[in-house]
Protein chains: 2
Amino acid sequence: MFRLSRGAEYAIRGLLYLAMQPEGKISFIEEISIAQEVPKAYLAKIFQTLGKKGFVKSYRGPDGGFVLTKPASEISLLDAIEALEGPIHFNDCLIHEGYCHRDEMCPIHDVWMTAQKQFLSVLTGTNFTILAEAARVKAAKKTDRLKEAKCKQN
Amino acid sequence: MFRLSRGAEYAIRGLLYLAMQPEGKISFIEEISIAQEVPKAYLAKIFQTLGKKGFVKSYRGPDGGFVLTKPASEISLLDAIEALEGPIHFNDCLIHEGYCHRDEMCPIHDVWMTAQKQFLSVLTGTNFTILAEAARVKAAKKTDRLKEAKCKQN
DNA sequence: ATTAATCGGACTAACATGGTCTCAATTATC
DNA sequence: GATAATTGAGACCATGTTAGTCCGATTAAT
């Protein structure tokens, strides 16, 4: 179906939220779920898998929560997606060399290969420092727009 | 899940088969299903949707079957896929401008946009004449390999 | 102890996928 | 005109995936 799953989408939002916090600050699920508009219980489950995959570290008990285990710059968008969806391969024939016995006559294999490479290169080229920065810029623009609107009112 | 559906895969194989036939030659489902290793009944269903979408024309009765309605060069890989899967958008926010209210603060939208563009450009840049030609080349190489192997035997 | 948080997993409803099967319609051939 | 070969339309079904919810257990700060 060529669609990002909601689970992966939410994982990305969650990691982005953490990436935008001051370093080392513990955030808890409820906080993130509200800010990022994700159902709390679902987000909790997602963060468990993010924990198992080594992207976040958790603290239990009151004042518990989650922190990134590595610098945001070392987590790519692809990492986040594959953490939830598993490895991406557009077509079965791309799973590994020799998987598909039709390879020797099938001309489509190569097309998929390049399409997938193009796609993956965009995702690996984007990390959460970049995303966090882009989010900050967007937020600034938004407040600018609001100010301007208020100015016109008066 | 970022995966091509089997249905679309089979549609591609079917169209490729037709594209490789002499122009105007009618092929019937059983023939195609055997050559392309697709379950016959399923392929029949797929060709009905390909017919409705205007890619193939059908003839009933004995000696009936299917033919391409337009030159293979005018059918892109994307056309074939979207005929079965509907329009491709990697993420909901790409459905149309303004669909997602988070756009104004979400930094990921733009990444998806470029990733999808890259991907689609590969698929639109590949048509069935290209594929058919590539298949012929591959087939030739295969027979070469076989000949060589036979030569060594003697 | 209480309370606030994660951990782990069971559970579920809805939908998508990948088919099969049947019967009807069409048409070439004998 | 009967027969046989083909597509047309759609009902049907088993399985898997998605997008969650819910609950009880665990951990730790106060």
Side-chain angles (χ1 to χ4, degrees), chain A residues 1-14 18 25-34 36-69 81 83-92, chain B residues 1-14 18 25-34 36-69 81 83-92:
Chain A
M1 264 260 301
F2 289 116
R3 231 178 110 269
L4 182 71
S5 69
R6 263 201 179 359
E9 162 87 23
Y10 294 162
I12 293 169
R13 291 194 201 170
L18 293 187
K25 192 201 151 203
I26 296 179
S27 311
F28 49 98
I29 291 290
E30 185 156 31
E31 173 191 353
I32 307 173
S33 88
I34 292 171
Q36 298 290 327
E37 303 176 277
V38 177
K40 186 180 160 186
Y42 196 24
L43 188 64
K45 200 164 101 175
I46 288 166
F47 264 77
Q48 282 182 37
T49 66
L50 287 178
K52 280 178 193 160
K53 301 279 180 178
F55 296 103
V56 298
K57 187 171 171 344
S58 71
Y59 298 91
R60 287 179 160 193
D63 302 341
F66 294 88
V67 196
L68 291 182
T69 47
I81 295 168
L84 267 105
E85 300 197 357
I88 289 177
H89 31 75
F90 283 170
N91 201 348
D92 285 349
Chain B
M1 263 265 298
F2 290 116
R3 231 176 110 268
L4 182 72
S5 69
R6 263 201 180 353
E9 161 86 23
Y10 294 161
I12 294 169
R13 290 194 202 172
L18 292 187
K25 193 201 149 206
I26 296 178
S27 311
F28 47 97
I29 291 291
E30 185 156 30
E31 174 190 352
I32 307 174
S33 88
I34 291 171
Q36 298 291 327
E37 302 176 279
V38 177
K40 185 181 158 184
Y42 196 25
L43 187 64
K45 200 164 101 177
I46 288 166
F47 263 78
Q48 283 183 35
T49 66
L50 287 178
K52 281 179 192 160
K53 303 278 179 175
F55 296 104
V56 297
K57 187 170 170 343
S58 71
Y59 299 91
R60 286 179 163 192
D63 302 340
F66 294 88
V67 196
L68 291 181
T69 49
I81 295 169
L84 268 105
E85 301 197 358
I88 288 178
H89 30 76
F90 284 171
N91 201 348
D92 286 348

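Chain letters run A, B, ... following the sequence lines, proteins first, then strands; residues in each count from 1.
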Check: Starting at CD of A/Glu37 and ending at P of D/dA19, how long is that distance when rounded to a whole Å?
Finding: 17 Å

Notebook entry, point to check: Can you tell me how far CD1 of B/Ile34 sits from NZ of B/Lys40, rounded to the nearest 0.5 angstrom?
Noted result: 8.0 Å

Item checked: Neighbours of DNA chain D within residues 84-92 of chain A, by heavy-atom distance under 4.0 Å -> none

Item checked: Aromatic plane relationship, B/Phe2 with B/Phe90 - under 30° parallel, 30 to 60° tilted, over 60° perpendicular -> perpendicular

Notebook entry, point to check: How many Å lie between CD1 on A/Ile29 and C1' on D/dC22, as a whole number?
Noted result: 16 Å

Check: Distance-only, no hydrogens or angles: does the B/Glu85 side chain make a donor-acceptor pair with backbone N or O of B/Ser5 under 3.5 Å?
Finding: yes

Item checked: Phosphate contact (C/dC7 OP1 or OP2) by A/Ser58 side-chain N/O below 4.0 Å -> yes

Item checked: Atom pair distance, as rounded to whole Å: CG in A/Leu50 and P in C/dC7 -> 11 Å

Next item on the list: Let me know the distance between CZ of B/Phe47 and P of D/dG8, rounded to the nearest Å.
Entry: 11 Å

Note to self: Restricting to side chain to side chain contact (heavy atoms under 4.5 Å, CB included), what partner residues turn up for A/Ser58, sequence neighbours left out?
What the structure shows: A/Phe66

Next item on the list: Only counting residues at least two apart or in another chain, list the ones meeting ring-ring contact (aromatic ring centres under 6.0 Å, His included) with A/Tyr42.
Entry: A/Tyr10

Item checked: B/Phe28: partners by side chain to side chain contact (heavy atoms under 4.5 Å, CB included), with sequence neighbours left out -> B/Glu30, B/Glu31

Check: Just how far, in rounded Å, is P of D/dG24 from CD of A/Gln48?
Finding: 17 Å

Note to self: Students often get this wrong, so: under 4.0 angstrom with heavy atoms, is A/Gly51 touching a base, only sugar-phosphate, or nothing?
What the structure shows: nothing

Next item on the list: Among residues two or more places apart or on two chains, list those pairs meeting salt bridge (Lys or Arg N to Asp or Glu O under 4.0 Å) that have a residue in residues 46-63 of chain A.
Entry: none

Note to self: Within the supplied structure, the quantity of interest is the number of heavy atoms (other residues, nucleotides, ligands) at a distance under 6.0 Å from A/Lys25 NZ; does it exceed 12?
What the structure shows: yes

Checklist line | Distance in angstrom units between B/Phe28 CZ and D/dA5 C1', rounded | finding: 9 Å

Check: Could you give the CD1-to-P distance, from A/Ile46 to D/dA19, as a whole number of Å?
Finding: 9 Å

Next item on the list: Grab the two heavy atoms, one from A/Ile46 and one from A/Gly7, that are nearest each other, plus how far apart they are.
Entry: CD1-O, 3.7 Å

Check: Reading nucleotides 18-30 of chain C from the 5' end, what letters show protein touch, with B for base, S for backbone sugar-phosphate only, - for no heavy atom under 4.0 Å?
Finding: BBB----BBBBS-

Check: Can you check the A/Ile32 CD1 to C/dT6 C1' distance for me, whole Å?
Finding: 12 Å

